[in-house]
Number of protein chains: 2
Amino acid sequence: MDSEQVQADLFDAKCPSRQVLDRIGDRWSVLVVSTLAEGTLRHGEIAGRIGGITPKMLTQTLRGLERDGLARRTVYAEVPPRVEYALTDLGRDLVGLVRQLTRWAEVHIPDVEAARADYDARPTASRK
Amino acid sequence: MDSEQVQADLFDAKCPSRQVLDRIGDRWSVLVVSTLAEGTLRHGEIAGRIGGITPKMLTQTLRGLERDGLARRTVYAEVPPRVEYALTDLGRDLVGLVRQLTRWAEVHIPDVEAARADYDARPTASRK
DNA sequence: CAGCATCCTAGCTGATACTG
DNA sequence: CAGTATCAGCTAGGATGCTG
């Protein structure tokens with residue numbers, strides 16, 4: 001395989017890890033998915049559990065998840081309106097990946113933070 | 001535990017998955033780490049393998065990886081200057097996580113794309 | 001309650017040019 | 001060769017106010 005091929009594999013939108021990161025790399029997706037992991041919830045319930053998310057960002061995030069087949073949106077024609085969100089099978093599968101991320105973090109983030117502190121303390125290092 | 005505590009767990013910098021995503025969620029870190037997985041490389045060699053990355057972004061990314069203890073930077077006092085980069089043990093471990101991301105993507109991204117195409121085609125859905 | 005419209009800011013990112 | 005400095009654009013993200 002030539003270098004052009006390697007480049008194509010790594011760069012662009014072809015790189016698989018890039019695709020996942022583009023999907024869950026934003027500020028709220030992981031949080032919303034994790035919250036929905038506990039079951040079907042309404043818009044306000046999700047907001048309450050997460051805390052600090054604006055209605056706009058929540059809706060925007062949920063729309064993205066719905067579009068990508070990770071969450072299902074159910075509207076009940078009632079007054080006042082009621083909208084429920086739940087994970088799809090695909091979404092539940094994503095939870096598994098998130099758990100792997102979490103597990104890795106719990107194990108290794110301490111090392112990362114130690115290295116960071118060490119780096120910042122070192123006067124010789126090219127500091128930011 | 002009160003709702004304040006739940007919020008603290010999920011939000012802020014405490015959520016473990018958030019920490020990983022903050023670290024590898026940027027455009028180049030995963031690419032650079034994956035490239036370094038093949039061995040010790042010089043600045044220009046990494047740039048050549050990745051393609052499309054500017055010197056500034058590469059240096060910036062490498063600095064971040066070095067700071068977090070994921071990569072090691074070795075400067076040789078020669079003329080012309082030579083600087084080599086290699087993964088640390090921690091960095092190599094991160095490669096494992098990236099491979100899991102990649103694996104998940106390869107399996108499920110097709111479903112995501114199908115759902116997306118379906119969603120975009122549906123005229124009734126609240127489209128973006 | 002759910003969520004849309006609008007405005008606005010901050011930070012990532014990139015293009016370019018220059019230095020040790 | 002490796003790295004820095006500067007300028008500029010894009011867009012994720014947030015604040016606010018209004019509607020069905």
Side-chain angles (χ1 to χ4, degrees), chain A residues 11-13 15 18 21-32 35-36 40-68 71-86 124-128, chain B residues 7 10-13 15 18 21-32 35-36 40-68 71-86 124-128:
Chain A
F11 197 48
D12 271 343
C15 175
R18 253 269 60 73
L21 292 170
D22 282 344
R23 173 59 266 188
I24 65 174
D26 66 317
R27 201 155 226 32
W28 301 110
S29 289
V30 166
L31 241 33
V32 172
T35 303
L36 281 178
T40 300
L41 293 171
R42 303 179 59 175
H43 188 282
E45 292 172 331
I46 303 172
R49 274 168 178 73
I50 291 182
I53 187 172
T54 60
K56 171 194 159 186
M57 287 315 296
L58 180 53
T59 297
Q60 188 173 305
T61 303
L62 286 167
R63 281 285 188 286
L65 295 175
E66 184 197 0
R67 186 170 103 103
D68 289 354
R72 190 175 359 265
R73 179 172 179 268
T74 310
V75 185
Y76 295 89
E78 305 176 353
V79 176
R82 184 162 60 99
V83 182
E84 291 186 342
Y85 294 91
T124 58
S126 46
R127 297 197 293 113
K128 188 203 169 183
Chain B
Q7 169 176 342
L10 286 174
F11 197 45
D12 271 342
C15 175
R18 252 275 53 75
L21 292 170
D22 282 343
R23 172 59 268 188
I24 65 175
D26 66 317
R27 201 149 228 36
W28 301 109
S29 289
V30 167
L31 241 33
V32 172
T35 303
L36 281 178
T40 301
L41 292 171
R42 302 180 60 176
H43 189 282
E45 291 173 331
I46 303 172
R49 275 168 177 72
I50 292 181
I53 188 173
T54 60
K56 172 192 154 186
M57 288 314 296
L58 179 53
T59 297
Q60 190 172 304
T61 303
L62 286 168
R63 282 283 188 287
L65 295 175
E66 184 197 2
R67 185 168 105 102
D68 290 353
R72 186 171 6 261
R73 179 172 180 267
T74 309
V75 184
Y76 296 88
E78 305 175 353
V79 178
R82 183 162 60 99
V83 182
E84 291 186 342
Y85 295 91
T124 58
S126 46
R127 295 198 294 115
K128 184 198 171 187

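Here is how names work: the chains are called A, B, and so on, in the same order as the sequence lines, proteins then strands, and each is numbered from 1. Both backbone and side-chain heavy atoms feed into the values below; hydrogens, waters and symmetry mates do not.
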Completion exercise
Residue pair B:Pro55/A:Arg82 against DNA chain C: nearer the 5' end by closest nucleotide is A:Arg82
Problem - Distance-only donor-acceptor test, A:Lys56 side-chain atoms vs C:dG3 base atoms, 3.5 Å - result: no
Below the 4.0 Å mark, does [N] have OP1 or OP2 next to a side-chain nitrogen or oxygen of [X]?
X: A:Arg73; N: C:dA2; value: no
X: B:Trp28; N: C:dC12; value: no
X: B:Arg27; N: D:dC10; value: no
X: A:Tyr85; N: C:dC1; value: no

Let's see if you can work this out: which of [options] has an atom nearest to the side-chain heavy atoms of [X]?
X: B:His43; options: D:dT4, D:dA2, D:dG13; answer: D:dA2
X: A:Arg63; options: C:dA15, D:dG13, C:dC4; answer: C:dC4
X: A:Met57; options: D:dG14, C:dG20, D:dG20; answer: D:dG14

Exercise for the section: Indicate, with a heavy-atom threshold strictly under 4.0 Å, whether A:Arg42 touches base, sugar-phosphate, or nothing. Expected result: sugar-phosphate
Exercise for the section: Check every strand shown and say whether A:Tyr76 touches a base, only sugar-phosphate, or nothing at a heavy-atom separation below 4.0 Å. Expected result: nothing
Problem - Test item: B:Glu84 and B:Thr40 side chains (from C-beta on) under 4.5 Å apart, heavy atoms - result: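 Yes, side chains in contact.
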Handout entry: Gap between atoms CD and P, on B:Gln60 and C:dC12 respectively (whole Å)
Key = 8 Å
